[in-house]
Amino acid sequence: MARRPQPPPAWASTDYLGDAIAWAEAKRQCRRALYEWARSGDPHTYTELTQRVTAIAWPEGAHTHEGGQLGFLLGQVSLEELDRDEDRPLISAMVIDKMDNMPSGGFWALCEELDIPVAKARGARERFWLAEIAACHTTYGADIVQKPPD
């Protein structure tokens, strides 16, 4: 659980590769998929997310730009879903690596950047992540019934 940092990091308001229209649509598509997955409580893979986000090219799939494109997208969408006054879960917890069945290093780096205390041990991380999934289901899964994301 986290709050939106004030001020937000500089990367949070940058359009990846400079195409503002395509980037805004990619974030909308990403957000819609994450809300759907939060409603079901079922995380999906990074590859599945890239298949849902068609507004931008994924020449190397989830590994495009060594994963930087997807990490940038998930980081921005996660920050946009946070609130300044209320703790909310990181919606990017709904995306996992298909080999590890847990979020990748980018998720944990975002936790660190947001000063979310998460231990390094796999068991502790898994418990944190499962709690985030449950919180995403409660927070974002309920939101989609009341107001679908853009």
Side-chain angles (χ1 to χ4, degrees), residues 1-5 8-84 86-114 116 118 122 125-150:
M1 302 285 277
R3 293 180 189 214
R4 182 177 293 170
W11 59 264
S13 60
T14 304
D15 299 320
Y16 196 78
L17 298 178
D19 186 343
I21 294 170
W23 189 251
E25 178 61 14
K27 289 195 303 185
R28 189 193 68 74
Q29 292 171 345
C30 177
R31 182 175 286 107
R32 180 167 293 283
L34 296 176
Y35 265 75
E36 288 175 16
W37 298 343
R39 182 172 48 184
S40 72
D42 185 26
H44 289 257
T45 67
Y46 294 106
T47 298
E48 290 172 295
L49 182 59
T50 62
Q51 292 167 349
R52 296 281 303 268
V53 177
T54 58
I56 55 177
W58 300 97
E60 294 126 26
H63 301 288
T64 298
H65 304 138
E66 297 179 4
Q69 181 169 292
L70 187 53
F72 209 80
L73 179 67
L74 284 167
Q76 284 191 355
V77 170
S78 290
L79 285 179
E80 290 171 5
E81 292 302 317
L82 296 180
D83 186 87
R84 284 191 282 171
E86 172 191 356
D87 277 336
R88 293 175 64 97
L90 293 175
I91 197 165
S92 56
M94 298 308 305
V95 192
I96 58 172
D97 179 76
K98 68 181 173 185
M99 301 300 284
D100 203 24
N101 287 321
M102 282 186 55
S104 72
F107 176 82
W108 304 112
L110 180 59
C111 289
E112 187 174 313
E113 185 168 350
L114 295 174
I116 300 171
V118 181
R122 181 177 170 89
R125 285 189 170 196
E126 186 171 3
R127 286 188 296 279
F128 170 82
W129 170 63
L130 292 173
E132 285 291 283
I133 288 176
C136 282
H137 178 68
T138 300
T139 302
Y140 305 113
D143 280 356
I144 199 168
V145 173
Q146 296 171 15
K147 65 167 185 82
D150 332 283

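All of these numbers come straight from a predicted model, not from anything done at the bench.
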Task: Non-hydrogen atoms of Gln29 and Thr54 that approach each other most closely - done: OE1-N, 2.7 Å

- [ ] Work out which heavy atom in Leu110 is nearest to a heavy atom in Gly75; give both atom names and the distance.
- [x] CD2-CA, 4.2 Å

Task: Pairwise side-chain contact, Tyr140 with Pro89, heavy-atom cut-off 4.5 Å (strictly under) - done: yes

Open item on the list: How close do Glu36 and Arg52 get, counting heavy atoms only, and between which atoms?
Closed with: OE1-NH2, 2.8 Å

Task: Side chain to side chain, Leu70 and Thr64, heavy atoms closer than 4.5 Å - done: no

TODO: Quick one: closest heavy-atom pair of Asn101 and Trp129, and the distance?
DONE: O-CH2, 3.3 Å

Task: Stepwise side-chain contact (heavy atoms from CB on, under 4.5 Å) check, Arg122 with Arg125 - done: CA-CA 5 Å; Arg122 181 177 170 89; Arg125 285 189 170 196; 5.6 Å; no

Open item on the list: Within the supplied structure, the quantity of interest is the number of heavy atoms (other residues, nucleotides, ligands) at a distance under 6.0 Å from Glu66 CD; does it exceed 12?
Closed with: no

Open item on the list: Taking the side chain as everything from C-beta on, heavy atoms only, tell me whether Met102 gets closer than 4.5 Å to Trp108.
Closed with: yes

TODO: Compare all side-chain heavy atoms of Leu49 with those of Leu74 and state whether any distance is below 4.5 angstrom.
DONE: yes

Open item on the list: For the CG atom of Leu79 and the CD atom of Gln76, what is their distance to the nearest 0.5 Å?
Closed with: 8.0 Å

Open item on the list: Nearest 0.5 Å, please: how far is SG in Cys136 from CG in Leu34?
Closed with: 8.5 Å

Open item on the list: Rounded at 0.5 Å granularity, tell me how far CZ in Arg3 sits from CD in Glu86.
Closed with: 8.5 Å

Task: Qualifying side-chain hydrogen bond (donor to acceptor under 3.5 Å, both in side chains) pairs, either residue in residues 9-21, two or more places apart - done: Trp11-Glu113, Tyr16-His65

Task: Glu132 side chain to Met1 backbone, donor-acceptor under 3.5 Å - done: yes

- [ ] Flag the pair Asp100 / Ser104 as yes when at least one side-chain heavy-atom distance between them is below 4.5 Å, and no otherwise.
- [x] no

Open item on the list: Rounded to the nearest 0.5 Å, what separates atom CD in Glu25 from atom SG in Cys30?
Closed with: 11.5 Å

- [ ] Count the heavy atoms of every other residue, nucleotide or ligand shown that sit under 6.0 Å from CD of Glu112, and state whether that count exceeds 12.
- [x] no

Task: Pairs involving residues 42-63, ordered by first then second residue, that meet ring-ring contact (aromatic ring centres under 6.0 Å, His included) (sequence neighbours left out) - done: Trp37-His44

- [ ] Considering non-hydrogen atoms only, spot the tightest contact between Lys27 and Glu80 and give its length.
- [x] NZ-OE2, 2.6 Å

Open item on the list: Measuring only between side-chain heavy atoms, which start at C-beta, is Ile91 closer than 4.5 Å to Thr139?
Closed with: no

TODO: Using atom types as modelled and distance alone, determine if a side-chain donor or acceptor of Glu81 lies under 3.5 Å from a backbone N or O of Ser92.
DONE: no

Task: Approximate separation, where rounding is to 0.5 Å, of Thr47 OG1 and Ile96 CD1 - done: 10.5 Å

- [ ] For Arg88 and Leu82, indicate whether the former's side chain and the latter's backbone hold a donor-acceptor pair under 3.5 Å.
- [x] no

Open item on the list: Within the structure provided, determine whether Arg4 and Asp83 are in side-chain contact (heavy-atom separation under 4.5 Å).
Closed with: no

Task: Nearest atoms (heavy-atom pairs only) where Leu90 meets Cys111 - done: CD1-SG, 3.7 Å

